Amino acid sequence: MAERLRTASMLTFIGGFMDAYSFKTQGGHFSGMQTGNMIYLMMELAAGRYWSALSYLLPIVCFILGAMFTYFIRKKITEKRGPWYLTSATLMFIGIFIIGLSSMTSYNQLTVALLAFFAAIQAETFKHVRGTPYANIMMTGNLKSFSVFLAQGISERDPIYIRKARNTFLVVLAFAFGAYLSAKLSNYMGSNTIFLLMIPFAALICILYGEEKK
């Protein structure tokens with residue numbers, strides 16, 4: 001279930017939604033795309049704006065901490081044969097609610113830090129779609145994979161690679177749609193837009209819970 005195209009599309013939609021939300025409502029910071037934060041960090045340092053540079057370092061550090069947290073908690077849960085994917089999705093659902101509450105304050109750095117932390121959990125938990133590696137919070141690797149799969153499918157006339165290219169392209173589209181919808185809705189809802197992400201996370205939890213009960 002965790003590797004199905006429906007799940008992957010839902011997660012990349014969430015990834016695009018979060019990044020567009022954080023960039024538009026939280027002072028131009030990214031929640032998942034740490035490459036962007038690193039570029040801004042170096043640009044601010046080069047310009048001598050050291051306090052501003054620290055604001056871009058914070059989500060990078062929190063992303064690292066989130067990935068480390070995911071490793072340790074996953075190890076503990078899987079050793080006890082617990083439902084890791086369901087646990088991770090539940091953690092992210094709770095995290096989005098907490099982030100929504102924090103975004104209602106004037107401390108946007110806390111919101112960005114929490115977004116980066118939970119983006120790392122999402123990225124480290126869900127890493128395959130139908131057996132193929134993919135990323136659900138950044139699209140550069142997915143675009144490269146789509147191009148290579150498509151080229152292989154055309155060159156070798158292999159329908160397996162064509163299907164992989166199709167699946168990868170669909171998750172890229174889901175990311176783009178999430179970013180578009182977030183940018184549109186934040187014009188009207190501002191920082192409260194993040195609460196809307198509780199809907200796809202709730203749907204994901206229901207899907208994973210139903211699978212665990214089978």
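Predicted, not measured: the structure shown is a model, and the values here were computed from it. Just so you know, these numbers use all the heavy atoms, side chains as well, and skip hydrogens, waters and symmetry mates. The first residue of the sequence shown is numbered 1, and numbering continues consecutively from there.
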Visitor: Could you tell me the separation between the CZ atom of Arg4 and the CG atom of Leu208, rounded to the nearest 0.5 Å?
Guide: 10.5 Å

Visitor: List, by chain and number, the other hydrophobic cluster members for Ile160, where Ile, Leu, Val, Met, Phe, Trp and Tyr join if side-chain heavy atoms come within less than 4.5 Å, directly or indirectly.
Guide: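 Its cluster partners, ordered by chain and number, are none at all.
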
Visitor: Is it the case that one hydrophobic cluster holds both Val129 and Trp84, taking links as side-chain heavy atoms less than 4.5 Å apart, direct or via other members?
Guide: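 Yes, one cluster joins them.
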
Visitor: Could you check whether Lys127 and Asn136, counting side-chain N and O atoms only, form a donor-acceptor pair closer than 3.5 Å?
Guide: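 Not at all, the side chains of Asn136 and Lys127 share no donor-acceptor pair under 3.5 Å.
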
Visitor: Would you check if Ser182 and Lys24 make a side-chain contact, meaning some heavy-atom pair closer than 4.5 Å?
Guide: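 Result no, sub-4.5 Å side-chain heavy-atom pair not found.
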
Visitor: Quick one: does Glu44's side chain get under 4.5 Å of Ser55's, heavy atoms only?
Guide: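 They are not in side-chain contact.
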
Visitor: Are Phe169 and Phe149 near enough that their ring centres are under 6.0 Å apart?
Guide: no

Visitor: Go through the steps for Phe17 and Phe175 under the test side chain to side chain contact (heavy atoms under 4.5 Å, CB included), then give the verdict.
Guide: CA-CA 7 Å; Phe17 196 103; Phe175 182 93; over 6 Å; no

Visitor: So, for Ala120 and Ala67, which heavy atoms are closest and what is the spacing to 0.1 Å?
Guide: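 Minimum heavy-atom separation between Ala120 and Ala67: CB-N, 3.5 Å.
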
Visitor: Counting only heavy atoms not in Met68, do more than 12 fall under 6.0 Å of its CE?
Guide: no

Visitor: Any heavy-atom pair between the side chains of Met38 and Ile60 that's under 4.5 Å?
Guide: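 In contact.
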
Visitor: Filter on ring-ring contact (aromatic ring centres under 6.0 Å, His included), then keep only pairs touching residues 18-44, sequence neighbours left out; what's left?
Guide: Phe23-Phe30, His29-Tyr56, Tyr40-Tyr56

Visitor: With a 4.5 Å limit on heavy-atom distance, are the side chains of Glu124 and Arg74 in contact?
Guide: yes

Visitor: Would you give the length of the straight line joining atom CD1 of Ile14 to atom CE of Met198, rounded to the nearest 0.5 angstrom?
Guide: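 Rounded to the nearest 0.5 Å, the CD1-CE separation comes to 12.0 Å.
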
Visitor: Any chance the rings of Phe126 and Tyr85 have centres within less than 6.0 Å?
Guide: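 Yes.
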
Visitor: Identify the residue among Val171, Val172, Leu170 that makes a side-chain contact (heavy atoms from CB on, under 4.5 Å) with Thr12.
Guide: Val171

Visitor: Less than 4.5 Å apart, any side-chain heavy atom of Leu196 and any of Leu185?
Guide: yes

Visitor: Show me the donor-acceptor pairs within less than 3.5 Å that the side chains of residues 139-147 make with the rest of the protein, sequence neighbours left out.
Guide:
from	atom 1	to	atom 2	distance (Å)
Asn142	OD1	Ala135	N	3.1
Asn142	ND2	Ala135	O	2.6
Ser145	OG	Gly141	O	3.0
Ser147	OG	Leu143	O	2.9

Visitor: Backbone N or O of Lys75 within a donor-acceptor pair of the Thr78 side chain at under 3.5 Å?
Guide: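 Yes; judged by distance alone, with no hydrogens or angles, the pair exists.
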
Visitor: Look at the side chain of Ser52 and the backbone N and O of Arg49, then say whether any donor-acceptor pair between them is shorter than 3.5 Å.
Guide: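 Checking the backbone N and O of Arg49 against the side chain of Ser52, no donor-acceptor pair under 3.5 Å is found.
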
Visitor: Ile64, Leu58: one ILVMFWY side-chain cluster at the under-4.5 Å cut-off?
Guide: no

Visitor: If Ile, Leu, Val, Met, Phe, Trp and Tyr residues are connected whenever their side-chain heavy atoms lie under 4.5 Å apart, and connections chain through other members, are Met138 and Leu41 in the same group?
Guide: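 No, because Met138 and Leu41 fall into different hydrophobic clusters, even though each may have its own neighbours under 4.5 Å.
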
Visitor: From Ile99 CD1 over to Thr111 OG1, what is the distance, rounded to the nearest 0.5 angstrom?
Guide: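 Reported value, rounded in 0.5 Å steps: 7.5 Å.
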
Visitor: Can you hop from Ile96 to Ile137 via hydrophobic side chains spaced under 4.5 Å?
Guide: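 As far as the 4.5 Å side-chain criterion goes, Ile137 and Ile96 are not connected within one cluster.
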
Visitor: Quick one, Ser88 with Ile121, criterion side chain to side chain contact (heavy atoms under 4.5 Å, CB included). Give me CA distance, side-chain angles, the key distance, then yes/no.
Guide: CA-CA 7 Å; Ser88 177; Ile121 295 177; 3.4 Å; yes

Visitor: Nearest 0.5 Å please: distance from the OG atom of Ser31 over to the CZ atom of Phe118.
Guide: 12.5 Å

Visitor: Any side-chain to backbone donor/acceptor pair from Thr25 onto Ser22? Under 3.5 Å, distance only.
Guide: no

Visitor: Which heavy atom of Ile205 sits nearest to which heavy atom of Thr90, and what is that distance?
Guide: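 Scanning both residues completely, I find the closest heavy atoms to be CD1-CA, 3.8 Å.
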
Visitor: Donor-acceptor pair, distance only, cut-off 3.5 Å: does the side chain of Asp19 make one with the backbone of Gly32?
Guide: yes

Visitor: Find out whether Val61 and Leu65 are in side-chain contact, i.e. whether some heavy atom of one side chain is under 4.5 Å from a heavy atom of the other.
Guide: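 Yes, side chains in contact.
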
Visitor: Quick one: are Phe177 and Leu173 in side-chain contact, heavy atoms under 4.5 Å?
Guide: no

Visitor: Please test Leu114 against Cys62 for side chain to side chain contact (heavy atoms under 4.5 Å, CB included), starting from the C-alpha separation and ending with a verdict.
Guide: CA-CA 7 Å; Leu114 290 172; Cys62 288; over 6 Å; no

Visitor: Test Lys164 against Asn167 for side chain to side chain contact (heavy atoms under 4.5 Å, CB included), laying out the working first.
Guide: CA-CA 5 Å; Lys164 287 184 175 183; Asn167 294 341; 5.6 Å; no

Visitor: Can you see which heavy atom on Leu204 is nearest to which on Ala89, and at what distance?
Guide: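 That closest heavy-atom pairing would be CD2-CB, 4.1 Å.
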
Visitor: Would you mind reporting whether Leu150 and Arg166 have side-chain heavy atoms less than 4.5 Å apart?
Guide: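 When only atoms from C-beta onward are counted, Leu150 and Arg166 do not touch, as no gap falls below 4.5 Å.
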
Visitor: Hey, what do you get for CG (Leu110) to CG (Leu115), rounding to the nearest 0.5 Å?
Guide: 9.5 Å

Visitor: For the side chain of Gln122 and the backbone of Leu11, is there at least one donor-acceptor N/O pair under 3.5 Å apart?
Guide: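 Such a contact is found between Gln122 side chain and Leu11 backbone.
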
Visitor: Where is the tightest heavy-atom contact between Ile194 and Gly100, given as atom of each residue plus distance?
Guide: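 Minimum heavy-atom contact is CG2-CA, 3.4 Å.
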
Visitor: Please report the shortest heavy-atom distance between Ser9 and Ala174, naming the atom on each side.
Guide: O-CB, 3.3 Å

Visitor: Spell out, yes or no, whether Val148 and Tyr134 are grouped together once hydrophobic residues are joined by side-chain heavy atoms under 4.5 Å, including indirect joins.
Guide: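 No: no chain of side-chain contacts under 4.5 Å links Val148 to Tyr134.
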
Visitor: Enter the distance from Leu5:CG to Thr132:OG1 here, rounded to the nearest 0.5 Å.
Guide: 10.5 Å

